[in-house]
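Working notes for the structure below.
Please read these numbers as outputs of a predicted model, since none were measured by experiment. The chains referred to below are lettered A, B, ... by the order of the sequence lines, with proteins before strands, and numbering in each begins at 1.
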Amino acid sequence: MTLLCVENLRIEFPSRHGIAVSVNDVSFELARGEILGLVGESGAGKSTIGNAIINLLSAPGRIAGGSVVLDGEPIQTLQGEAMRQIRGRRIGFIFQDPMTSLNPLLTIGTQLMETVVATRGASKEEAEARALELLEAVGIPEPKLRLNQYPHQFSGGMRQRVVIAIALAGDPELIIADEPTTALDVSIQNQVLELIRKLCKERDVGCILITHDMGVIANTTDRVAVLYQGELMECGPTMDVLERPQHDYTRSLISAVPRSDVKVHRFPQVEYIEKAEELRIDVKNHWLGQKESFGEVDHGKLLEVKDVDLRFVTKRAFRERDRRYVQAIDNVSFHVKEGETFGLVGESGSGKSTTARVIAGLYRPDGGQVYFAGKEISGMSARERRPLNRQIQMIFQNPYSSLNARMTVANIIAEPIRFHQLASSEAEVRQIVNDLLDHVGLGKAMGVRYPHEFSGGQRQRISIARALATRPRFLICDEPTSALDVSVQAQILNLLKDLQEELGLTMLFISHDLPVIRQMCDRIAVMKQGAIVEINDSASLFTNPENEYTRNLIEVMPHLDHLSREGLELESVA
Amino acid sequence: MSQADTIGQAAQVTHVPGRWERFKKSNFWYNFTKDKVAQISFVILILMAGAAFLSPVLAPTNPYDLVSIDIMDSEIPPSWAEEGEERFLLGTDNQGRDLFSTILYGTRTSLIIGFCAVMLQMFLGVCIGLSSGYFGGRFDSFMMRMADIQLSFSTMMVAIIVLAVFQASFGAELYSELAMLMLILVIGIAEWPQYARTIRASVLAEKKKEYVEAARVMGFGSGRIMFRHILPNCLSPILVISTVQIANAIISEAALSFLGLGMPVSKPSLGSLISSGFEYIFSGSWWITVIPGIVLVVLVLVINLLGDWLRDVLNPKLYKG
């Protein structure tokens with residue numbers, strides 16, 4: 001029986017530039033006990049649909065047409081009190097970030113009981129019993145004890161369980177989960193999704209799962225609706241859509257998902273997204289390709305990290321013994337060979353970004369050494385290091401904060417060239433900047449613009465151009481694509497691969513995303529709580545992990561074996 | 001998409017909007033065209049500032065020129081009053097100066113002192129706030145404690161002590177020559193912590209962003225990172241605080257002048273005009289105090305209103321939920 005029926009839904013956001021249609025003519029149905037995935041890239045309107053169903057659209061957004069029918073009753077026009085009767089009681093909502101969706105000043109018990117009392121009109125004793133029952137249902141150990149604790153005493157995954165418990169408090173018929181696991185690590189993501197799936201099936205609750213992640217869709221949902229720029233591309237049983245995508249957009253979206261099972265040479269060119277211009281320059285005869293001689297590297301080790309330790313002060317004190325520290329990196333050693341891509345993978349807080357920052361010279365290690373091309377660089381002063389700064393460059397995670405908003409793109413890229421006096425004249429600088437912009441696929445006309453005029457993927461291209469402007473030999477990529485959509489991610493990863501080949505770059509590639517690491521890296525180190533647990537070749541690490549922790553990580557990553565392999569240039573089948 | 005489309009796109013993007021075009025499209029301009037209060041405040045401010053700076057041309061008489069003043073003209077009420085004269089639009093003060101001209105000159109003095117004092121505050125505050133936020137550690141602690149100490153003396157107290165000591169030790173003659181400079185110095189130095197704290201707070205936020213790390217990875221020196229990268233990104237709070245501070249500085253100057261520690265009677269600012277008329281207010285010559293008082297209130301009010309609007313525009317998240 002149909003629980004929720006959305007028909008020809010149209011949502012508009014009027015603004016001074018005219019009316020922006022964020023959702024147009026979207027229809028889907030949901031049965032009890034069924035999990036429907038709404039998948040799409042940023043701006044596809046998936047969260048907007050979720051918010052529109054319970055009338056949480058932020059002003060000035062409005063439902064301009066179509067209907068939302070919950071169990072035979074149209075609810076798209078309900079306002080105020082009538083809508084309040086539906087929220088919580090009949091439709092529960094799970095938000096993205098468990099760190100901010102709980103009130104830090106109230107105990108978990110108070111928040112749960114408050115919801116139970118509000119939605120079911122229970123007495124205090126009943127509410128407490130119900131809260132205990134809910135905590136148990138979402139798998140929180142020792143619920144009696146936990147009831148009196150505050151949100152900060154819970155980990156991210158545990159908090160999300162509490163949020164789920166609150167969503168379930170009013171015994172809703174429908175749960176809308178908006179990116180419920182995006183803020184969580186992979187291993188916890190799996191548990192939370194498992195829990196949502198189990199609860200929906202047991203309680204016969206319908207669920208709309210909004211996500212950008214094909215892996216989540218593949219593992220959790222029964223049916224999937226693919227959205228693109230506010231329009232429904234296709235809707236059907238998950239397996240059918242993933243294995244035999246009908247629509248071109250779905251097909252290109254699926255082909256752009258990094259695979260964990262096979263390694264591809266290049267991601268297929270994704271259609272349906274912002275075009276990058278293919279104005280490549282001949283690198284070999286260009287300024288970019290002309291390396292300065294660095295001297296030979298013994299045994300091919302370009303970078304060597306030896307027993308590096310770093311701790312951060314968590315509590316400052318005048319006396320040494322009163323100070324408290326947290327060990328961010330613990331005795332980390334590895335080396336990177338000339339020309340290879342070395343991957344650092346681990347969950348959040350494992351110290352991988354900190355390691356990168358030590359190598360880049362942003363932090364000074366407390367113990368151990370970093371050698372670059374045979375020279376110890378960890379102990380150098382900023383002045384001694386300056387010539388080396390040119391050779392080690394970094395691409396950052398967040399494309400929205402890694403560019404200076406008050407400089408034009410051309411100036412951002414030209415600054416390092418001017419600073420290190422790499423070009424003989426201003427005309428040459430301008431020429432190099434234009435060529436770089438062309439080469440990363442932006443086009444030289446973009447140089448006069450400011451960063452805020454660009455999308456995330458384009459900004460990441462600017463970051464890459466800036467990093468290349470010093471003609472580096474070693475490139476550190478710190479989660480370069482984790483803030484990007486999957487199709488844009490495919491483009492950026494392709495670009496990095498091409499550049500590495502053309503310029504003979506050595507790369508340190510950091511990511512929490514195992515499939516991405518697999519696609520990019522030759523050798524991989526797995527980090528856990530500041531220490532390296534395993535270093536191995538990419539292929540053997542994935543097929544034959546030695547360490548318990550690594551095995552677990554690989555096990556919990558989303559399995560996409562059944563995705564269509566259409567259009568992939570396979571490198572080797574594992 | 002085909003190749004032709006891509007080339008078409010490339011052709012489109014070659015049109016680059018100029019500075020003026022970009023400004024007209026910006027949120028800033030849009031908000032301004034929608035906000036009546038801001039527009040009216042802006043127009044009044046421009047008119048007052050314009051009139052004040054053109055005072056040598058606009059004013060019917062020169063109040064600084066002692067030769068042209070006739071003591072017989074003193075305390076003539078505004079022209080619309082019964083005993084008013086055509087010659088003096090807003091009447092005259094106790095020395096026979098045309099009040100309209102004196103107000104124009106006085107507004108100019110007040111604006112110059114306010115503006116220059118704020119420039120000095122900004123210079124000190126930006127240098128101290130920027131370096132203390134960027135370097136952190138002991139230097140930061142030391143400078144911020146200095147700021148706390150400075151703030152624990154009220155501006156007026158510091159100013160009164162300094163100006164009174166100066167006046168007593170160097171005599172009124174020299175003081176009246178240097179009054180404007182002294183006021184700028186005193187108000188400027190006494191209020192630097194306002195700037196330093198605001199800027200330090202935004203530097204701490206900006207410092208964590210990745211573009212700063214990127215600049216460090218490039219090998220840039222501290223000075224370059226501070227002034228070329230961090231400072232331009234801290235400009236919005238500086239702009240907002242500046243409007244409030246100019247208004248504050250004008251009020252401080254007026255208050256000091258009212259107390260007889262500011263501009264001398266021979267070169268009155270708005271504050272000293274108000275003060276000089278105060279003795280005569282009970283003898284019926286209300287205009288000498290009230291009219292410059294209204295001018296002062298309007299001037300400070302429009303600056304504050306503009307500042308409020310600016311704060312809302314530049315910081316929409318913080319103030320509009």
Side-chain angles (χ1 to χ4, degrees), chain A residues 16-17 271-279 316 356-357 359-363 382-383 385-407 411-412 415-417 419-420 442-451 453 463 466-467 469-470 472 476 478, chain B residues 1-19 21-23 25-27 29-31 33-34 136-138 140-141 205-236 238 320-321:
Chain A
R16 67 168 165 123
H17 302 296
E271 288 166 42
Y272 272 94
I273 55 165
E274 62 193 26
K275 270 283 178 197
E277 287 167 56
E278 297 284 332
L279 282 167
R316 269 188 246 186
R357 281 167 167 70
I359 296 167
L362 292 172
Y363 297 137
R383 194 172 292 276
R385 224 191 128 96
R386 198 158 289 167
L388 280 164
N389 282 115
R390 263 165 45 202
Q391 299 182 25
I392 305 177
Q393 278 304 316
M394 191 155 171
I395 296 166
F396 293 88
Q397 172 174 6
N398 187 345
Y400 296 94
S401 70
S402 60
L403 300 171
N404 187 344
R406 304 265 173 180
M407 283 165 93
N411 275 331
I412 288 173
E415 196 184 15
I417 305 176
F419 180 79
H420 291 290
L442 280 173
K444 49 171 95 56
M446 299 294 178
V448 289
R449 301 197 170 195
Y450 286 86
E453 298 171 57
S463 284
R466 174 181 61 186
T470 58
I476 302 169
D478 185 5
Chain B
M1 258 190 258
S2 67
Q3 184 112 27
D5 279 347
T6 322
I7 293 164
Q9 267 183 355
Q12 272 173 17
V13 298
T14 44
H15 172 72
V16 173
R19 237 164 233 280
E21 238 176 291
R22 207 178 294 162
F23 177 73
K25 270 192 198 159
S26 65
N27 255 330
W29 177 249
Y30 176 76
N31 273 310
T33 57
K34 291 279 148 187
R138 296 231 167 102
D140 181 32
S141 306
E206 291 294 325
K207 192 171 80 162
K208 290 199 192 99
K209 293 197 179 162
E210 288 171 335
Y211 72 90
V212 178
E213 286 191 333
R216 287 177 62 200
V217 172
M218 298 283 173
F220 298 160
S222 314
R224 193 185 184 89
I225 295 176
M226 271 160 43
F227 287 98
R228 266 191 70 110
H229 292 270
I230 296 180
L231 184 58
N233 285 287
C234 298
L235 281 183
S236 332
I238 295 180
K320 285 186 184 157

- Query: Once you round to the nearest 0.5 Å, how far does CD of B/Glu213 lie from OH of A/Tyr363?
  - Reply: 6.0 Å

- Query: For B/Asn233 and A/Asn404, which heavy atoms make the closest approach, and how far apart are they?
  - Reply: ND2-OD1, 2.7 Å

- Query: Pick from A/Arg385, A/Arg383, A/His420: which one has the most heavy-atom pairs with chain B under 4.5 Å?
  - Reply: A/His420

- Query: Are A/Glu415 and B/Arg224 side-chain neighbours, meaning at least one heavy-atom pair lies under 4.5 Å?
  - Reply: yes

- Message: Which heavy atom of A/Phe419 sits nearest to which heavy atom of B/Gly221, and what is that distance?
- Response: CZ-N, 4.2 Å

- Query: Taking all non-hydrogen atoms of both residues, which atom of A/Pro416 and which atom of B/Met218 are closest, and how far apart?
  - Reply: CB-SD, 3.4 Å

- Item | Contact class of A/Leu362 relative to chain B, heavy atoms under 4.5 angstrom | both

- Query: What's the shortest heavy-atom distance between A/Arg386 and B/Gly219, and which atoms?
  - Reply: NE-O, 3.0 Å

- Query: Between A/Arg406 and B/Ser236, which heavy-atom pair has the shortest distance, and what is it?
  - Reply: NH2-OG, 3.6 Å

- Task: Taking all non-hydrogen atoms of both residues into account, name the closest pair between B/Ala214 and A/Arg466 and its distance.
- Result: CB-NH2, 3.4 Å

- Message: Report which part of A/Ile412 has an atom under 4.5 Å of a heavy atom belonging to chain B: side chain, backbone, both, or neither.
- Response: neither

- Item | Contact origin within B/Arg228 toward chain A - heavy atom pairs under 4.5 Å | both

